[in-house]
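First the proteins, then the strands, lettered A, B, ... as listed; each starts at 1.
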Number of protein chains: 2
Amino acid sequence: MTDYDKSKHIRNGGPVTLADIAKLAGVSPVTVSRAINTPALVKPHTLEAIEKVIARTGYVPNLLAGGLASRRTRLIAAIVPSVASTIFAETIEGLNAELVSAGYQLLLGLSGYDPGRELELTRAILARRPDGIILTGITHMKETRAMLTGASLPIVEIWDSTPSPLDTAVGFSHAAVGRLVAEHLLIRGYDRYAQVGANDPRAVQRRDGFVNRLKGIAEVELPELDMNSPSTFRDGRMAMAQLLDRGEGSLGVFCSSDVVAHGALAEAHARGCNMPGELAIIGFGDFDFAPHTHPPLTTVRIDRRDIGTKAARSILRKIAGDTSVEAMIDIDFHIVARGTA
Amino acid sequence: MTDYDKSKHIRNGGPVTLADIAKLAGVSPVTVSRAINTPALVKPHTLEAIEKVIARTGYVPNLLAGGLASRRTRLIAAIVPSVASTIFAETIEGLNAELVSAGYQLLLGLSGYDPGRELELTRAILARRPDGIILTGITHMKETRAMLTGASLPIVEIWDSTPSPLDTAVGFSHAAVGRLVAEHLLIRGYDRYAQVGANDPRAVQRRDGFVNRLKGIAEVELPELDMNSPSTFRDGRMAMAQLLDRGEGSLGVFCSSDVVAHGALAEAHARGCNMPGELAIIGFGDFDFAPHTHPPLTTVRIDRRDIGTKAARSILRKIAGDTSVEAMIDIDFHIVARGTA
DNA sequence: AGTTACAATGAAAGCGCTTTCATTTCTTCG
DNA sequence: CGAAGAAATGAAAGCGCTTTCATTGTAACT
């Protein structure tokens with residue numbers, strides 16, 4: 001039997017390597033590699049011996065070395081704007097659950113709604129050679145797009161819809177959401193219409209869809225908020241105060257998120273507005289608290305977790321070589337009519 | 001000048017490597033490596049030439065190879081129970097911000113409050129040889145502890161306090177939180193006391209601190225919730241209904257999170273309870289909505305983001321070889337008295 | 001008994017970097 | 001102008017795995 005100890009000097013108590021295991025188990029390194037990755041190819045008796053040594057030594061394979069050699073890292077990267085804003089947190093959870101159960105690990109990047117940071121993150125992430133990458137939205141800097149397509153790996157864009165994704169997209173049309181909300185309000189008929197909220201690309205799409213649907217019917221008021229995305233409870237409250245102060249007549253408001261809507265609602269509640277007769281508020285996201293506001297918030301519901309799940313499945317299929325993954329995977333949305341519209 | 005093309009065959013359009021850059025720039029691979037990692041060691045003229053080639057080719061270094069060779073991955077792993085539950089999301093944001101600005105990347109693991117999953121995650125994460133690891137809480141399976149100490153890397157445990165951390169801990173005493181809340185309620189004096197909420201290790205500590213402080217003074221009622229951590233709005237509402245149904249007299253309630261408290265509050269509100277005279281509710285976390293409930297929620301405030309920031313700084317210092325990092329870094333907490341207690 | 005096939009194992013090369021140590025090329029100064 | 005020291009660069013080895021191809025052992029069939 002050959003001696004597999006390639007080390008020039010005695011092991012200095014440093015981390016155990018595959019070669020160490022091989023030596024201790026009296027087999028070659030390849031066999032240990034197979035015992036770990038493709039145990040079916042190893043004779044049960046040998047396998048058992050190797051496993052015993054692994055357990056005894058507490059060996060943890062080095063996936064850097066493994067990834068370098070095999071060109072597969074079992075790493076999936078995801079870039080989202082934020083994780084504190086509820087909206088993406090559940091998508092991440094869905095993503096992660098699906099990835100972990102397939103033996104993959106999630107590498108997370110937070111872009112803070114900043115395309116420049118998205119670019120830097122993309123570079124940093126690509127340097128780790130993930131097997132796939134997930135991005136939020138469909139608007140990226142051209143350098144980002146170039147780098148991504150040059151890396152030739154599966155890409156999934158989430159939370160938006162497009163006929164021409166970089167690779168595959170999982171999401172829905174924000175403009176359609178805006179239109180749907182407009183129609184919901186139109187049926188009831190209000191004297192004035194307004195939209196308040198964030199200015200990230202997707203919120204803007206929703207606003208534009210809303211405004212366009214009302215074009216020729218009503219002017220949409222857009223209170224100015226001196227802030228950047230994402231917007232807050234406070235923003236909603238201030239905007240609503242502004243709206244209520246500067247005009248008469250019944251009012252239908254579309255907020256860019258449930259948080260903003262909640263703020264708007266608080267102001268309306270404080271002023272004793274009659275909802276939804278005199279004032280209607282529609283949020284976006286159907287956050288946990290939405291059913292519990294006073295009155296309960298009418299909002300647009302999206303299965304946020306499902307976006308993560310479907311994104312994970314798509315990317316895993318692509319990694320597995322499945323070329324039949326659809327370019328655009330649509331996610332459902334609908335209005336949950338509660339007390340505010 | 002030597003020819004640095006080591007490849008036996010012509011490059012097949014695959015990813016550009018450091019050797020390719022070296023060849024195109026007419027220098028050796030080491031020089032390119034230095035141009036990237038320690039540009040100060042390279043003559044400005046050479047540097048410029050190399051940078052030009054890198055830009056032109058869109059070269060992205062392979063950090064797997066780099067990490068394998070240098071034994072530094074610039075990767076920090078963090079394991080938290082969940083990211084959808086608000087409580088940890090901001091910690092992650094703080095962590096990430098600090099790490100990114102130091103050139104590190106965050107590898108995220110979600111344990112779902114399950115020690116077994118924490119163990120698996122630890123193994124999977126260690127296999128990627130992070131430069132440091134951050135864990136939530138101080139209770140881990142003994143296999144996890146063994147694996148961690150065996151890996152000999154900087155460890156930071158967050159969101160709890162202990163005199164004997166694995167390495168360093170950043171957090172606070174949950175028992176002390178429970179005591180503080182008990183004292184806050186005692187000052188006002190209620191006929192009955194109750195605690196409702198989750199059963200994760202930290203929530204249990206808070207409950208025990210609360211119960212112990214009231215020992216000999218009052219029995220603490222603990223409504224049964226047929227659920228696991230984390231608990232929800234619904235749990236809070238049901239528990240409050242139970243409490244209100246089965247007893248008389250004024251009542252002081254400590255909830256394991258603001259979400260639970262919000263639910264409890266909704267039930268109390270619906271029944272027209274007089275707060276805080278007849279009924280007191282104290283939450284935990286000071287979530288965004290806490291100031292905006294009706295009445296506004298009294299709760300325990302912790303700077304969640306700060307935990308992340310401090311954890312990141314500690315681990316970065318450790319990586320830099322600083323041995324003066326304190327074993328226990330305390331995080332402040334205090335009661336924000338609003339309308340419910 | 002003699003192929004043939006398959007299962008189990010091994011040898012060697014190499015993934016793309018960084019490290020260490022050696023060499024070359026400048027400066028600087030007596 | 002030549003020696004000494006510093007600055008800039010390079011050669012070679014190797015990080016810890018997986019891959020490919022070769023070899024050996026074992027069973028199955030004629």
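- Taking only side-chain nitrogens and oxygens, B:Y59 comes nearer than 4.0 Å to OP1 or OP2 of C:dC17.
- The number of heavy-atom neighbours closer than 6.0 Å to CD of B:E326, taken from other residues, nucleotides and ligands shown, is above 12.
- When only modelled atom types and interatomic distance are considered, A:S324 and A:R317 share a side-chain donor-acceptor pair under 3.5 Å.
- Checking D:dT9, C:dG10, D:dT18 against the side-chain heavy atoms of A:S33 singles out D:dT18 as nearest.
- The side chain of B:V42 lies closest to D:dT9, out of D:dT9, D:dT18, C:dG16.
- Spacing between atom CG of B:L18 and atom C1' of D:dG10 amounts to 13 Å, rounded to whole angstrom units.
- Per the geometry, CD1 belonging to A:I21 stands 17 Å off P belonging to C:dT9, to the nearest Å.
- Of the listed nucleotides (C:dT18, C:dT19, D:dT18), C:dT19 has the atom at the smallest distance from the side chain of B:V30.
- D:dT19 atom P lies 13 Å from atom CD1 of A:I36, rounded to whole Å.
- Between the CG atom of B:L64 and the C1' atom of D:dG16 there is a distance of 12 Å, given to the nearest Å.
- Phosphate contact (OP1/OP2 of D:dG10, side-chain N/O of B:S28, threshold under 4.0 Å): present.
- Of the possible polar contacts, one joining the A:S314 side chain to the A:K310 backbone as a donor-acceptor pair under 3.5 Å is found.
- Phosphate proximity of C:dA8 to A:T46: absent, as no side-chain N or O sits under 4.0 Å from OP1 or OP2.
- Applying side-chain contact (heavy atoms from CB on, under 4.5 Å) to B:Y104 and the options B:I315, B:I76, B:L95, B:T73 leaves one that passes, B:I76.
- Between A:S82 and B:E93, the side chains place a donor N or O and an acceptor N or O closer than 3.5 Å (distance only, hydrogens not considered).
- A:L63 places its CG atom 8 Å from the P atom of D:dT18, with the value rounded to the nearest Å.
- The nearest whole Å value for the distance from the CG atom in B:L68 to the C1' atom in D:dC15 is 4 Å.
- Remark on DNA chain D: of its neighbouring residues B:A40 and B:A69, the 5'-side contact belongs to B:A40, judged by nearest-heavy-atom nucleotide.
- Mapping B:K43 and B:G66 onto DNA chain C by nearest heavy atom places B:G66 closer to the 5' end of the strand.
- Dashed line: the shortest gap from a side-chain N or O of A:T31 to OP1 or OP2 of C:dG10 is under 4.0 Å.
- Judged by atom type and distance alone, A:R34 reaches the base of C:dG10 through a side-chain donor-acceptor pair under 3.5 Å.
- Rounded to an integer number of Å, the gap from CZ of B:R72 to P of C:dC17 is 16 Å.
- Atom P of nucleotide D:dG16 and atom CG of A:N62 are separated by 7 Å, given to the nearest angstrom.
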